[in-house]
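Heads up, the thing below is written out as C-alpha cells.
Order of appearance sets the numbers: ligands from 1, and atoms from 1 within every ligand. Below, all heavy atoms of this structure are taken into account, side chains as well, without hydrogens, waters or symmetry copies.
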Amino acid sequence: MNPAGRQSSQNPNARTIEILDQMGKYYDQMQDQWRPVAYRKAIATLRQQDQKITTSKQAVALPFIGKRLADKIEEIVLTDRLRRLDSTRNDPTDQVLRLFLGIYGVGLVQANKWIQAGHRTLNDLITSAKLTDSQKIGIDHYKDFATRIPRAEVEAHGEYIETALHKLDPAMQSTIMGSYRRGAKDSGDIDIIISKPNASIAELRTIAFETLVPSLTASGFLKCKLATSSRHDEGTKWHGVSCLPTSTTWRRLDLLLVPDYEMGAALLYFTGNDIFNRSIRLLASKKGMRLNQRGLYKDVVRGRNREKLNEGTLVEGRSERKIFEILGVPWREPAERIC
Ligand code: DCP
Ligand code: MG
Ligand code: MN
C-alpha cells in the first residue's frame, strides 16, 4: 500500500500538490524550520480530498491549511504556477545559497559567510575558501550525496556491515533505520543501529569504533569519517561515507550504538520521520515528560518557556511499544510515521 494514499496522477489536486511540494522542498533546502512542515501537512490533507480544491475559502476550511497556504492553493489553480516559487528560481543569490546549503554539513551561517566573501560557485570555494575536511568531501562528492539511494542498495550496505560485524562477534546486531524502516523506496542516506544483547556502551564502542570501522576502512568500504554536528553525540554516533565494491557512488552512512536499555527510544528516534519525532516529543512535554533518543523521562520541571529545569526520572527506554503506551498514543507502524 502506498502510505501517501491515492496515486498522485489520479488525485484531483495532483497539480496543486506538485507545485506545493516544490515550494516545500525549496524551504527545506533553505533550512527553514517550520515551512517545510506546514507544506508537508497541507499536502497530506490535499491528498485525502476527493474533490479538486479551487478556492482559498475551501482550502482554509481543511485541517492543517492556514490562510497563506490557502491563498497559494488558489493562486496555483488560477494561474498554474506560484509567483513565490518562480521568483526563487530567478534570483541568482538565492541559487548560490541553495548550492552552498547542499554541501554536507553546511548551514545558513557558513553559506552566507561564503556569499559575503564573494564566492559564487563550488569551484570558488575549492580554490579560495578555507574549508574543513568534511566540507571538502561534501564538495568533491556533491553529486553523489544529492543522489537518492535505491532501497536495494541501502540493503546491500546493511548486509555488508552485518557480515563484517558477525565475523567480529556473532552476537552483534545491525538494524537499518531512517526512511528505510519507514518503507521508503529510496533514501537520502543509510542509517544503522549497532547493538548487542547485554553489552555495555563501552563494549559496543570497542567493537564498532575500534575494530569494525578501522577494518571496513582498510577494506575500502568505508571512505571517510565526517564531522558530527553535535558534541552531545560523540561516543555513540559515527557519521561517514561508504561505497559498495560494485559501485563508484559514495553514500552517506550514519551509525548509532545502542545499549539494550535505550533500544526502544533509539528505534523511535531513528525511525522518524523528523516531523513525527517533533510532534511526539511535544506531546511528551505537554504531559510533563521528556522524550529523547535515550528514553522517556517523567517529573521534568519546566520553566515559563517550556525549557527544562531538571533531567527527570527515566520511565522507559527499552521498549518502543511501551513508550507509545505510556504516552497514550496508539501504536503506529513505521510506515505510518509520516507527519
Ligand atoms: N532525526 C530527527 N531530527 C533531525 C534529524 C534526524 O528526529 N533533525 C531522526 C528522524 C529521522 C532519523 O533521525 O528519520 C534519520 O535521520 P535522516 O536525516 O537520515 O532522515 P531519514 O532517514 O528520515 O530520511 P532520508 O531518507 O533523507 O535519510
Ligand atoms: Mg536517513
Ligand atoms: Mn541519517
Side-chain angles (χ1 to χ4, degrees), residues 3-4 21 24-25 27-37 39-40 44 101-108 134 137-138 141-142 144-158 161 174-194 222 224-233 236-242 249-258 262-285 290-296 320 323 327 329 332-339:
D21 185 50
K25 287 208 172 102
Y27 285 124
D28 216 12
Q29 287 175 336
M30 296 300 264
Q31 302 182 5
D32 185 300
Q33 237 206 316
W34 297 109
R35 274 177 278 207
V37 183
Y39 276 77
R40 279 196 247 173
L101 289 174
I103 301 167
Y104 172 80
V106 171
L108 281 165
S134 293
I137 294 159
H141 293 274
Y142 195 95
D144 284 0
F145 295 164
T147 313
R148 305 287 302 172
I149 314 167
R151 192 170 176 84
E153 191 186 329
V154 175
E155 259 157 35
H157 285 253
I161 289 167
S174 69
T175 314
I176 312 177
M177 303 297 300
S179 48
Y180 177 91
R181 187 172 184 236
R182 299 195 308 272
K185 67 179 199 321
D186 52 39
S187 296
D189 68 354
I190 301 149
D191 303 297
I192 293 184
I193 282 184
I194 292 181
L222 294 183
C224 58
K225 183 180 175 16
L226 294 167
T228 323
S229 47
S230 144
R231 217 167 293 127
H232 191 71
D233 299 327
T236 54
K237 266 193 180 172
W238 187 89
H239 294 262
V241 180
S242 58
T249 310
W250 286 25
R251 302 301 198 181
R252 281 271 305 105
L253 172 68
D254 289 340
L255 304 178
L256 181 65
L257 306 187
V258 181
E262 291 178 357
M263 189 51 99
L267 284 169
L268 189 52
Y269 160 75
F270 224 23
T271 299
N273 64 9
D274 51 347
I275 293 168
F276 176 79
N277 285 356
R278 268 197 239 171
S279 62
I280 199 162
R281 284 176 183 203
L282 182 64
L283 184 100
S285 98
R290 178 169 72 98
L291 178 66
N292 63 24
Q293 68 187 73
R294 300 179 194 281
L296 178 67
E320 196 180 15
I323 294 174
L327 287 172
V329 179
R332 272 163 82 170
E333 291 299 334
E336 296 163 350
R337 300 184 202 167
I338 26 183
C339 285

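The side chain of Arg148, and not its backbone, has at least one atom closer than 4.0 Å to an atom of ligand 1 (non-hydrogen atoms only; side chain from C-beta on). Contacts between Arg182 and ligand 1, counted as non-hydrogen atom pairs separated by less than 4.0 Å, involve the side chain only. Contacts of Tyr180 with ligand 1, taken as heavy-atom pairs under 4.0 Å, are absent altogether. Under 4.0 Å from ligand 1, the heavy atoms of Thr271 that appear belong solely to its backbone.
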> Would Ser285 and Leu282 satisfy side-chain contact (heavy atoms from CB on, under 4.5 Å), going step by step from the backbone distance to the final call?
Replying inline: CA-CA 5 Å; Ser285 98; Leu282 182 64; 4.2 Å; yes

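The CG atom of Leu291 lies 6.5 Å from the CG atom of Leu327; values are rounded to the nearest 0.5 Å. Considering CZ of Arg181 and CZ of Phe270, their distance stands at 12.0 Å, rounded to 0.5 Å. Between Ile193 atom CD1 and Ile176 atom CD1 the span is 11.5 Å, to the nearest 0.5 Å.
Considering every non-hydrogen atom in both Gly188 and Ile149, the closest pair reads O-CD1, 3.8 Å. Listed here is the closest heavy atom pair of Arg294 and Ala265: C-CB, 3.4 Å. Between Ile190 and Arg251 the shortest heavy-atom distance is CD1-CB, 3.9 Å. Between Thr271 and Arg182 the shortest heavy-atom distance is O-NH1, 2.8 Å. Considering every non-hydrogen atom in both Gly178 and Asp191, the closest pair reads CA-OD2, 3.5 Å. Minimum interatomic distance between Glu320 and Arg337 (heavy atoms only, all atoms of both residues): OE2-NH1, 2.7 Å.
Those atoms of ligand 1 that come under 4.0 Å of a heavy atom in Asn273, given as number and element, are 14 (O). Taking every heavy atom of Ser187 and a limit of under 4.0 angstrom, the matching atoms of ligand 1 come to 26 (O). Atom numbering of ligand 1 starts at 1 in the shown order; those under 4.0 Å from a heavy atom of Gly178 are 22 (O). Close contacts of ligand 1 with Asn277, meaning ligand atoms under 4.0 Å from a residue heavy atom, involve 2 (C), 7 (O), 9 (C), 10 (C).
Annotation: Gly188 places an N or O atom under 3.5 Å from an N or O atom of ligand 1; distance criterion only. The distance criterion of under 3.5 Å between nitrogen or oxygen atoms is not met by Asp274 with respect to ligand 1.
Using a distance-only test at 3.5 Å, with no hydrogens or angles considered, a donor-acceptor pair links the side chain of Glu336 to the main chain of Glu333. Using modelled atom types, no side-chain atom of Ser242 and backbone atom of Leu253 make a donor-acceptor pair closer than 3.5 Å. Formation of a donor-acceptor pair under 3.5 Å by the Gln293 side chain with backbone atoms of Glu262 is not found in this model. In terms of modelled atom types and a separation under 3.5 Å, the side chain of Asp28 and the main chain of Gln31 share no donor-acceptor contact.
Inside a 4.0 Å radius of atom 18 (O) of ligand 1 there is not any protein heavy atom. Under the 4.0 Å distance rule, the nearest protein heavy atom to atom 28 (O) of ligand 1 falls inside the cut-off.
The closest approach of Asp191 to the Mg ion (ligand 2), by N/O/S atoms, is made by OD2. Of all the N, O or S atoms in Asp189, the one closest to the Mg ion (ligand 2) is OD1.
Ranking protein heavy atoms by distance to atom 26 (O) of ligand 1, first place goes to Ser179 OG, 2.6 Å. Ranking the protein heavy atoms by distance from atom 12 (C) of ligand 1 puts Phe270 O, 3.7 Å first. Counting protein heavy atoms only, atom 11 (C) of ligand 1 is closest to Gly272 CA, 4.0 Å. Among all non-hydrogen protein atoms, the one lying nearest atom 15 (C) of ligand 1 is Asp191 OD2, 3.7 Å. The single protein non-hydrogen atom nearest to atom 5 (C) of ligand 1 is Tyr269 OH, 4.6 Å, given as residue, atom name and distance.
Between Trp250 and His141, the angle of the ring planes stays under 30°, which puts this pair in the parallel group of the 30/60° scheme.
Backbone or side-chain N, O or S atoms of Asp254 do not reach the Mg ion (ligand 2) at under 2.8 Å.
Between Trp238 and Leu222, the closest side-chain pair of non-hydrogen atoms falls below 4.5 Å.
Protein N/O/S atoms closer than 2.8 Å to the Mn ion (ligand 3), listed by chain and residue number, are Asp189 OD2, Asp191 OD1, Asp254 OD2.
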